[in-house]
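Keep in mind that the numbers below use all heavy atoms, side chains included, and drop hydrogens, waters and symmetry copies.
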Amino acid sequence: MKRRIILAVLLFAYIIFLFEIALFRFPSTNPAPNFVPFRTIIGDWTSGWQEFVVNFIGNIVAFMPMGLIPLLILGRRTRLWHVALFGLSLSLAIEGGQYLSGRRVTDVDDLILNTLGSLLGYRLAFIPSVRSIRLIL
């Protein structure tokens, strides 16, 4: 029981951390929202490795704990679609906050990448070496 509480607090703290980074750090001047799927991903791919790594890899890696930690808290009751919905909802809340604040760029590609990151985090839990760590926790 204590393990679940600690993990829930950790998840909550991580969500607050994501909101803080996504809404308050690195403000943009006159950010134009992107509502066209894959536009930013393709643009980053053609621009070079720095943009690609920061946006593509960064969004995926940042949301991997959103797929792993709930599984550690809830165990077998957590399904892939639960994780997808959780990751998408959290990402939508962040992107909505960015749009309303006007401080950062709202991007549909972030929804895609963040949800993908959540799903990869969930799948990571089923790799044998990670699974043994999961059993310890």
Side-chain angles (χ1 to χ4, degrees):
M1 187 61 146
K2 286 185 181 183
R3 175 186 72 91
R4 284 184 166 172
I5 292 170
I6 291 168
L7 288 169
V9 168
L10 179 65
L11 178 63
F12 181 75
Y14 191 74
I15 290 171
I16 297 297
F17 169 74
L18 285 177
F19 270 90
E20 196 274 328
I21 286 193
L23 295 175
F24 302 111
R25 302 244 176 148
F26 318 111
S28 301
T29 308
N30 298 324
N34 172 38
F35 299 114
V36 179
F38 304 106
R39 177 187 284 170
T40 303
I41 295 170
I42 293 169
D44 289 344
W45 181 263
T46 59
S47 294
W49 282 104
Q50 184 177 5
E51 291 294 321
F52 178 76
V53 168
V54 169
N55 189 42
F56 189 85
I57 305 296
N59 276 306
I60 290 174
V61 170
F63 266 71
M64 287 177 73
M66 297 304 114
L68 183 60
I69 296 174
L71 180 61
L72 294 173
I73 294 170
L74 301 173
R76 293 182 179 260
R77 296 177 295 183
T78 306
R79 302 284 182 246
L80 186 65
W81 73 270
H82 294 139
V83 169
L85 186 60
F86 179 60
L88 178 64
S89 299
L90 181 59
S91 182
L92 191 58
I94 289 171
E95 295 300 316
Q98 288 177 340
Y99 183 76
L100 293 173
S101 73
R103 293 177 45 90
R104 298 284 306 272
V105 176
T106 302
D107 194 340
V108 69
D109 289 350
D110 290 349
L111 293 174
I112 295 167
L113 296 172
N114 294 342
T115 304
L116 178 61
S118 297
L119 294 172
L120 288 173
Y122 178 83
R123 295 306 303 161
L124 181 71
F126 297 99
I127 295 173
S129 60
V130 176
R131 192 172 195 179
S132 62
I133 294 170
R134 193 175 113 209
L135 294 174
I136 293 169
L137 293 175

Tell me the closest heavy-atom pair linking [X] and [Y], and the distance in Å.
| X | Y | result |
| --- | --- | --- |
| Arg4 | Ile73 | NE-O, 2.9 Å |
| Asp107 | Thr40 | OD2-OG1, 2.5 Å |
| Pro31 | Val105 | CB-CG2, 3.6 Å |

Are the side chains of [Y] and [X] in contact, using a 4.5 Å heavy-atom criterion?
| X | Y | value |
| --- | --- | --- |
| Asp110 | Asn55 | yes |
| Phe19 | Ile94 | yes |
| Val108 | Val36 | no |
| Leu23 | Arg103 | no |
| Met66 | Val83 | no |
| Ile112 | Pro37 | yes |
| Pro70 | Leu11 | yes |
| Leu92 | Leu111 | yes |

Working to the nearest 0.5 Å, report the span between [atom1] of [X] and [atom2] of [Y].
| X | Y | atom1 | atom2 | answer |
| --- | --- | --- | --- | --- |
| Gln98 | Ser28 | CD | OG | 8.5 Å |
| Leu88 | Glu95 | CG | CD | 10.5 Å |
| Tyr14 | Leu68 | OH | CG | 11.0 Å |
| Asp44 | Ile57 | CG | CD1 | 11.0 Å |
| Ile60 | Leu120 | CD1 | CG | 6.5 Å |
| Leu18 | Ser91 | CG | OG | 9.5 Å |

Worksheet item: Quick check: are there more than 12 heavy atoms from other residues, nucleotides or ligands sitting under 6.0 Å from CZ of Phe35?
Response: yes
Fill in: Exceeds 12 heavy-atom contacts within 6.0 angstrom, atom CD of Glu20
yes
Discussion item. Pair Leu90, Asn114 - check side chain to side chain contact (heavy atoms under 4.5 Å, CB included), show working.
Written reply: CA-CA 9 Å; Leu90 181 59; Asn114 294 342; over 6 Å; no
Kindly say whether [Y] contributes a backbone atom to a donor-acceptor pair with the side chain of [X] at under 3.5 angstrom?
| X | Y | answer |
| --- | --- | --- |
| Arg104 | Ala22 | yes |
| Asp109 | Ile41 | yes |
| Tyr122 | Gly117 | no |
| Ser101 | Gly97 | yes |

Worksheet item: Any ring pair (Phe, Tyr, Trp, His ring centres under 6.0 Å) pairs touching residues 45-74, not counting sequence neighbours?
Response: Trp45-Phe52, Trp49-Phe52, Phe52-Phe56
Fill in: All pairs passing ring pair (Phe, Tyr, Trp, His ring centres under 6.0 Å) where residues 86-120 contributes a residue, at least two apart
none
Worksheet item: Transitively linked via ILVMFWY side-chain contacts under 4.5 Å: Ile21 with Leu10?
Response: yes
